[in-house]
Amino acid sequence: MAATVSETGMAVPVWAAYKPDDSAFDEMLDLSLRPRSGCESVTDALFSMPSAYFAELCARADAMFRRMGVTFNVYGAADGSERIFPFDPIPRVIDADTWATLEAGLIQRVRALNAFVADVYGEGRILSDGVVPRDLVLGCPQFRRAAVGIKPPLGNFVTVAGIDLVRGTDGRFYVLEDNLRTPSGVSYVIENRVVMTRLVPALMRASRVRSVERYPADLLQCLMEMSPAGRSNPTIALLTPGPYNSAFFEHVFLSQQMGIELVEGQDLVCVDRKLYMKDVHGLRQIDVLYRRIDDDFLDPLVFRPDSLLGVAGLTAVLRAGHAAVANGIGTGVADDKAVYAYTPAMIRYYLAEEPILPIVETYLFRDPEVREHVLRHLDRYVVKPTGASGGYGVVIGPQADENELAATREQILGDPSGFIAQPVIALSVHPTLIHTGSGSGLQLMPRHIDFRPFVLLGARPHVLAGGLTRVALREGSLIVNSSQGGGSKDTWVLEA
């Protein structure tokens with residue numbers, strides 16, 4: 001097996017020294033260091049690499065990311081600067097059979113979520129039938145009354161979905177949460193692949209890794225299919241909050257890859273219930289707007305009047321059917337963490353199917369008995385704000401001190417509907433190259449990971465053959481978000 005050199009100058013075997021975490025499912029190796037079924041060839045190839053090659057992979061990958069400018073912004077960072085997205089070159093491998101199940105489950109889930117959003121802002125059948133509590137939906141912070149009655153082209157409120165999955169100790173994938181407002185991260189998936197294709201081209205060809213490069217073309221096709229005028233060559237633009245947004249790199253990347261305009265709110269105007277972009281020749285009508293800003297800032301006439309990021313009158317344009325927006329206004333009602341608890345019921349209700357992908361058991365504090373039980377054992381649960389994202393506000397009971405638990409208890413009692421609780425899921429782990437200190441010392445260590453695949457819903461659904469594998473680089477951490485110290489891996493979905 002390969003070896004590397006530590007700071008002391010002594011040879012330390014890279015793979016032989018690896019110790020799987022016996023409290024979590026290791027996605028590449030079992031406790032006897034045998035490769036998992038489906039990824040034997042990739043693991044064997046990595047085993048055979050000389051020790052110095054791993055340090056070289058890390059150095060070359062870092063140099064490529066810096067040269068390519070693959071960055072993200074951290075809100076509140078003291079220096080206010082962009083950061084290079086941390087990357088680990090040991091790929092996550094998903095075999096063809098496992099992927100086939102995931103793909104079917106993801107399509108099923110997004111179809112049901114889209115049906116739910118369309119129903120909530122339409123007839124409201126699922127609420128009248130009592131499958132999902134009416135007060136839960138109407139009281140959801142992401143419910144938008146302004147979206148009631150809007151009928152988007154193809155009936156698709158959801159065009160792009162990022163579904164966060166985790167793998168439990170039983171090796172099964174579970175849905176952790178849904179991202180239906182402005183899901184981000186796909187640019188890192190594509191750029192990670194560009195880097196890995198340059199680092200290990202022969203290994204990728206031999207492993208028959210499925211491509212991810214068609215995503216921008218597939219997204220563009222879905223946006224074109226949304227044109228309300230039925231034009232064969234509609235004008236499409238991507239609406240960004242601007243360069244200070246944490247995902248601005250992705251906004252630029254996708255607009256360039258799709259060949260569409262990148263615009264800010266100040267570039268747009270609504271006239272006679274039509275949407276226009278201002279350019280040097282005057283006004284140019286926009287048919288489809290791929291928005292990457294939240295509902296609150298989208299239309300100052302309807303939502304926040306102080307917003308400078310959106311365009312006044314956009315909601316009226318959508319209601320008149322003269323333009324389409326992806327994702328639609330109000331889709332956040334379906335990724336609320338309390339509504340999430342009812343997603344298996346949605347699948348049964350709208351599709352008459354059993355859910356393919358299970359969800360994590362979820363407790364709603366709106367139920368007094370549930371609230372009393374969880375509060376008595378708060379140190380055993382993960383508590384999440386229902387409307388937050390990015391890992392913010394999450395309290396992991398077993399890792400929290402008494403002061404944190406006391407503060408969380410007070411928050412829950414003050415606003416029971418604003419929080420949910422879930423049992424602690426031992427996220428699966430994956431071998432990850434960790435710098436052991438100064439110099440070039442590297443050690444292979446298990447680190448927790450999650451997975452965000454991307455689903456596109458146009459005239460027919462598309463699932464990107466891969467996704468964003470995020471890795472918690474800090475030992476023992478379950479928070480994988482880049483904004484809180486996480487990194488990423490390339491995800492290899494193998495051909496059958």
Side-chain angles (χ1 to χ4, degrees), residues 1-2 14-15 18 25-30 33-50 53-54 56-58 60-61 64-65 87-107 163 165 167 171-173 185-219 221 257 356-357 428-433 444 449-456 460-471 488-496:
M1 290 188 179
V14 173
W15 288 97
Y18 180 73
F25 181 84
D26 192 298
E27 301 222 5
M28 182 166 273
L29 302 167
D30 64 21
L33 293 180
R34 288 190 299 266
R36 294 285 184 189
S37 175
C39 64
E40 297 94 339
S41 60
V42 176
T43 307
D44 289 344
L46 292 172
F47 275 178
S48 67
M49 288 181 177
Y53 196 52
F54 290 101
E56 181 185 340
L57 286 179
C58 290
R60 289 176 59 200
M64 277 189 272
F65 277 112
F87 177 73
D88 179 69
I90 306 297
R92 179 202 209 144
V93 181
I94 300 178
D95 65 88
D97 290 341
T98 301
W99 181 251
T101 301
L102 287 178
E103 185 175 41
L106 290 166
I107 290 173
I163 309 298
L165 305 178
R167 210 168 189 177
R172 295 184 69 191
F173 280 96
V186 75
S187 59
Y188 302 121
V189 176
I190 299 171
E191 295 289 44
N192 286 352
R193 179 59 53 82
V194 170
V195 169
M196 287 299 285
T197 301
R198 294 173 182 172
L199 290 178
V200 287
L203 177 57
M204 293 198 67
R205 285 194 300 270
S207 303
R208 301 177 67 200
V209 180
R210 291 181 59 179
S211 172
V212 298
E213 65 183 14
R214 275 200 53 82
Y215 179 87
D218 289 339
L219 173 57
Q221 180 63 36
Q257 290 291 309
I356 297 171
L357 298 175
S428 59
V429 296
H430 199 283
T432 303
L433 288 169
L444 201 66
I449 59 174
D450 79 347
F451 185 39
R452 177 177 290 180
F454 292 87
V455 183
L456 298 175
R460 63 184 184 88
H462 303 258
V463 182
L464 178 66
L468 183 62
T469 289
R470 299 180 295 183
V471 54
S488 71
K489 292 173 172 284
D490 193 15
T491 305
W492 292 6
V493 173
L494 306 185
E495 292 182 1

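Throughout, residue positions are numbered sequentially from 1 according to the sequence presented.
Taking 4.5 Å as the limit, some side-chain heavy atom of V93 sits within range of a side-chain heavy atom of L494. The closest side-chain heavy-atom distance from F451 to I94 is below 4.5 Å. Between F454 and L106 the shortest side-chain heavy-atom distance does not fall below 4.5 Å. In this structure, the side chains of P91 and M196 come closer than 4.5 Å at one or more pairs of heavy atoms. Between W492 and V212 there is no side-chain heavy-atom pair separated by less than 4.5 Å. A heavy-atom distance below 4.5 Å is not found between the side chains of S37 and D95. Side-chain contact check for I190 versus P216: some heavy-atom pair is nearer than 4.5 Å. R452 places none of its side-chain heavy atoms less than 4.5 Å from the side chain of V186.
Qualifying salt bridge (Lys or Arg N to Asp or Glu O under 4.0 Å) partners for R60, counting only residues two or more places apart in sequence or in other chains: E56. Residues passing the ring pair (Phe, Tyr, Trp, His ring centres under 6.0 Å) test with F25, sequence neighbours excluded: none. E495 pairs by the side-chain hydrogen bond (donor to acceptor under 3.5 Å, both in side chains) definition with R208, not counting sequence neighbours.
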Check the pair F173, L102 against side chain to side chain contact (heavy atoms under 4.5 Å, CB included), reporting the backbone distance first and the verdict last. CA-CA 8 Å; F173 280 96; L102 287 178; 3.7 Å; yes
Does the side chain to side chain contact (heavy atoms under 4.5 Å, CB included) test come out yes or no for V194 and N192, once each step is laid out? CA-CA 5 Å; V194 170; N192 286 352; over 6 Å; no
Going through the checks in order, is the side chain to side chain contact (heavy atoms under 4.5 Å, CB included) test met by T197 and M204? CA-CA 7 Å; T197 301; M204 293 198 67; 3.8 Å; yes
Side chain to side chain contact (heavy atoms under 4.5 Å, CB included) evaluation trace for V200 with M49: CA-CA 11 Å; V200 287; M49 288 181 177; 4.0 Å; yes
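Put simply, CG on L464 and CG on L456 are 8.0 Å apart, with the number rounded to the nearest 0.5 Å. Between F65 atom CZ and S488 atom OG the span is 6.0 Å, to the nearest 0.5 Å. Between atom SG of residue C39 and atom CG of residue L29 there is a gap of 7.0 Å, rounded to the nearest 0.5 Å.
Annotation: E40, atom CD; neighbour count of heavy atoms from other residues, nucleotides and ligands within 6.0 Å is above 12.
In terms of modelled atom types and a separation under 3.5 Å, the side chain of S48 and the main chain of A45 share a donor-acceptor contact. Judged purely by atom type and a 3.5 angstrom limit, D30 uses its side chain to pair as donor or acceptor with the backbone of R34. Side chain of Q221 to main chain of L219: no donor-acceptor pair is present (N/O by atom type, distance under 3.5 Å, no hydrogens or angles). Without hydrogens or angle criteria, D88 side chain to L433 main chain gives a donor-acceptor distance under 3.5 Å. No donor-acceptor distance shorter than 3.5 angstrom exists from the side chain of S207 to the backbone of V209, with no hydrogens or angles considered.
Here the rule is salt bridge (charged side-chain N to carboxylate O under 4.0 Å, His left out) with D490, and of R193, R210, R470 only R193 fits it. Among the candidates L46, T432, I90, the single residue satisfying the side chain to side chain contact (heavy atoms under 4.5 Å, CB included) test with L444 is I90.
Side-chain contact, T469 with R92: a donor N or O sits under 3.5 Å from an acceptor N or O.
Looking at every heavy atom in both residues, T491 comes nearest to L468 through OG1-C, 4.4 Å. Between D26 and P431 the shortest heavy-atom distance is OD1-CD, 3.8 Å.
A salt bridge links E27 with R167: at least one charged nitrogen is closer than 4.0 Å to a carboxylate oxygen.
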